[in-house]
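Labels below follow one simple rule: chain letters A, B, ... track the order of the sequence lines, proteins then strands, and each chain is numbered from 1. Worth saying up front: this structure is predicted, and the values here are computed from it rather than measured.
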Number of protein chains: 2
Amino acid sequence: MSERKFNSTNTLNEFFLEERCTLNKVLKIIGKRWVSEVLVLIKQDVSRFSNLKECLDGISDNVLSSVLNELVKSKLIGKEIFNQVPLKVEYHITPSGLALTNVLHQLCDWGKEHIAYETRMKPTFARKDGKD
Amino acid sequence: MSERKFNSTNTLNEFFLEERCTLNKVLKIIGKRWVSEVLVLIKQDVSRFSNLKECLDGISDNVLSSVLNELVKSKLIGKEIFNQVPLKVEYHITPSGLALTNVLHQLCDWGKEHIAYETRMKPTFARKDGKD
DNA sequence: CTGTATCCGTTAGGATACTG
DNA sequence: CAGTATCCTAACGGATACAG
């Protein structure tokens with residue numbers, strides 16, 4: 001705190017921080033293990049707690065619950081409680097969440113192109129571009 | 001394993017899994033704390049270990065090192081070693097990595113629109129859409 | 001200068017049990 | 001059915017020390 005660096009790197013840092021700040025928040029939200037999956041499921045109209053649990057096979061109630069809460073808190077999904085017996089709750093995606101899944105889909109798309117083959121291949125990697 | 005669910009959820013599950021698989025890999029890579037930031041920095045031609053360290057202020061050598069390794073392993077950045085004294089190493093972004101930052105930027109963009117105000121606001125949130 | 005190895009504290013993921 | 005509370009463990013981020 002007492003020795004902040006004001007070198008030339010600082011300029012870059014500033015520019016980079018602006019991007020970092022928000023990006024970090026986003027990644028903090030959807031970087032968690034089950035979050036993106038739950039979001040996608042809800043987008044696909046899997047709106048009940050138990051349905052989600054089935055789809056996610058072995059997820060604990062605990063974890064699913066906290067993930068859902070996080071998503072609700074972040075306004076990516078909405079929660080609708082039907083106060084009846086048996087208790088019924090439905091989750092639905094928000095426009096905000098829908099927009100996110102859209103970007104996520106691009107991310108997925110990128111992954112399919114760039115890391116699909118990366119599982120076991122260790123080719124002789126030599127630089128091909130003419131840097132310097 | 002012995003009691004796979006073949007209910008209606010299974011259909012959704014199948015579709016969702018295809019997306020999950022790759023998306024998870026991607027998020028696994030860039031969801032780590034410093035990864036996205038390092039990637040952005042390198043995109044901005046901060047190519048030396050020490051420069052990166054300065055930009056990231058308090059990051060440990062250890063962490064930076066492992067992050068760089070991950071990025072190299074994932075082919076998001078390339079590593080060029082100049083075997084001289086003092087030892088010099090340069091990192092540069094790959095086309096693959098560049099494409100990723102592009103998507104990341106959209107993610108950031110999304111964040112700016114949707115979670116900028118979310119820090120402290122707790123408005124009375126009631127459903128507006130006419131979902132039954 | 002550019003890293004790796006080791007150790008350690010924190011945190012997130014998860015199992016189980018219990019409540020509305 | 002839908003969740004919360006508690007506890008446990010594994011994984012991750014990070015500091016320090018050391019090596020090429």
Side-chain angles (χ1 to χ4, degrees), chain A residues 1 3 5 7-9 20 23-39 41-42 46-74 77-92, chain B residues 1 3 5 7-9 20 24-25 27-39 41-42 46-74 77-92:
Chain A
M1 189 70 73
E3 44 172 359
K5 305 253 175 59
N7 309 347
S8 58
T9 55
R20 164 167 78 160
L23 183 55
N24 263 347
K25 282 188 193 169
V26 177
L27 289 175
K28 189 84 182 180
I29 296 173
I30 50 95
K32 302 282 189 67
R33 183 159 298 180
W34 296 96
V35 175
S36 61
E37 330 201 351
V38 172
L39 189 62
L41 279 174
I42 290 176
V46 184
S47 50
R48 308 290 302 277
F49 191 91
S50 39
N51 288 136
L52 289 165
K53 214 166 95 175
E54 285 179 41
C55 292
L56 296 170
D57 209 17
I59 193 172
S60 318
D61 297 355
N62 171 7
V63 176
L64 180 53
S65 178
S66 65
V67 167
L68 286 170
N69 282 333
E70 286 297 310
L71 284 172
V72 170
K73 206 172 64 184
S74 306
I77 63 174
K79 180 177 185 174
E80 188 176 16
I81 304 173
F82 299 84
N83 223 330
Q84 61 188 36
V85 180
L87 183 57
K88 179 175 150 189
V89 175
E90 279 191 6
Y91 297 93
H92 56 91
Chain B
M1 192 67 75
E3 45 170 357
K5 306 255 175 56
N7 309 346
S8 57
T9 56
R20 166 167 77 159
N24 262 347
K25 281 188 193 171
L27 290 176
K28 189 86 182 176
I29 296 173
I30 49 96
K32 303 282 190 67
R33 182 157 300 179
W34 295 96
V35 174
S36 61
E37 330 202 350
V38 171
L39 189 61
L41 280 175
I42 290 175
V46 183
S47 49
R48 308 291 303 279
F49 190 91
S50 38
N51 288 136
L52 288 165
K53 214 167 94 176
E54 284 179 43
C55 292
L56 296 169
D57 207 16
I59 194 174
S60 317
D61 296 356
N62 173 6
V63 176
L64 180 54
S65 178
S66 65
V67 167
L68 286 170
N69 282 334
E70 285 300 311
L71 284 172
V72 169
K73 204 171 67 185
S74 306
I77 62 174
K79 180 177 183 174
E80 188 176 16
I81 304 173
F82 299 84
N83 223 329
Q84 62 190 34
V85 180
L87 184 56
K88 179 177 152 188
V89 175
E90 278 191 7
Y91 297 94
H92 57 90

What nucleotide among D:dG3, D:dA2, D:dG20 has an atom nearest to a side-chain atom of A:Tyr91?
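Of all the options, the side chain of A:Tyr91 is nearest to D:dG3.
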Can you tell me which nucleotide in D:dT4, C:dT2, D:dC12 comes closest to the side chain of A:Asn69?
D:dT4
What is the distance, rounded to the nearest whole Å, between atom [atom1] of [X] and atom [atom2] of [N]?
X: B:Glu37; N: D:dG13; atom1: CD; atom2: C1'; result: 13 Å
X: B:Ile59; N: C:dT4; atom1: CD1; atom2: P; result: 13 Å
X: B:Glu80; N: C:dT2; atom1: CD; atom2: C1'; result: 15 Å
X: B:Ile42; N: C:dT2; atom1: CD1; atom2: C1'; result: 14 Å
X: B:Phe49; N: C:dC1; atom1: CZ; atom2: P; result: 11 Å
X: A:Lys53; N: D:dT4; atom1: NZ; atom2: C1'; result: 13 Å
X: B:Lys28; N: C:dA12; atom1: NZ; atom2: P; result: 14 Å
X: A:Leu56; N: D:dG3; atom1: CG; atom2: P; result: 14 Å

Measuring from [X]:[atom1] to [Y]:[atom2], what's the distance to the nearest 0.5 Å?
X: B:Ile29; Y: B:Ser36; atom1: CD1; atom2: OG; result: 12.5 Å
X: A:Glu70; Y: A:Ser65; atom1: CD; atom2: OG; result: 10.5 Å
X: A:Leu64; Y: A:Ile59; atom1: CG; atom2: CD1; result: 4.5 Å
X: B:Phe49; Y: B:Leu87; atom1: CZ; atom2: CG; result: 11.0 Å

Is any side-chain N or O of [X] closer than 4.0 Å to OP1 or OP2 of [N]?
X: A:Ser60; N: C:dG13; answer: no
X: B:Asn51; N: C:dC1; answer: no
X: A:Trp34; N: C:dA12; answer: no
X: B:Lys79; N: C:dG3; answer: yes
X: A:Ser65; N: D:dA2; answer: no

Reading DNA chain C from 5' onward, which residue's closest nucleotide shows up sooner: A:Lys32 or A:Asp61?
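This one resolves to A:Lys32.
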Nearest-nucleotide wise, let me know which of A:Asn62 and B:Gly31 is further upstream toward the 5' end of DNA chain D.
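That would be A:Asn62.
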Residue met sooner reading DNA chain D from 5', once A:Leu68 and A:Arg33 are mapped to nucleotides:
A:Leu68
How about B:Lys28: does its NZ atom have over 12 heavy atoms from other parts shown lying under 6.0 Å from it?
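Atom NZ in B:Lys28 is not packed in, count stays at 12 or less.
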Indicate, with a heavy-atom threshold strictly under 4.0 Å, whether B:Val89 touches base, sugar-phosphate, or nothing.
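Touches sugar-phosphate only.
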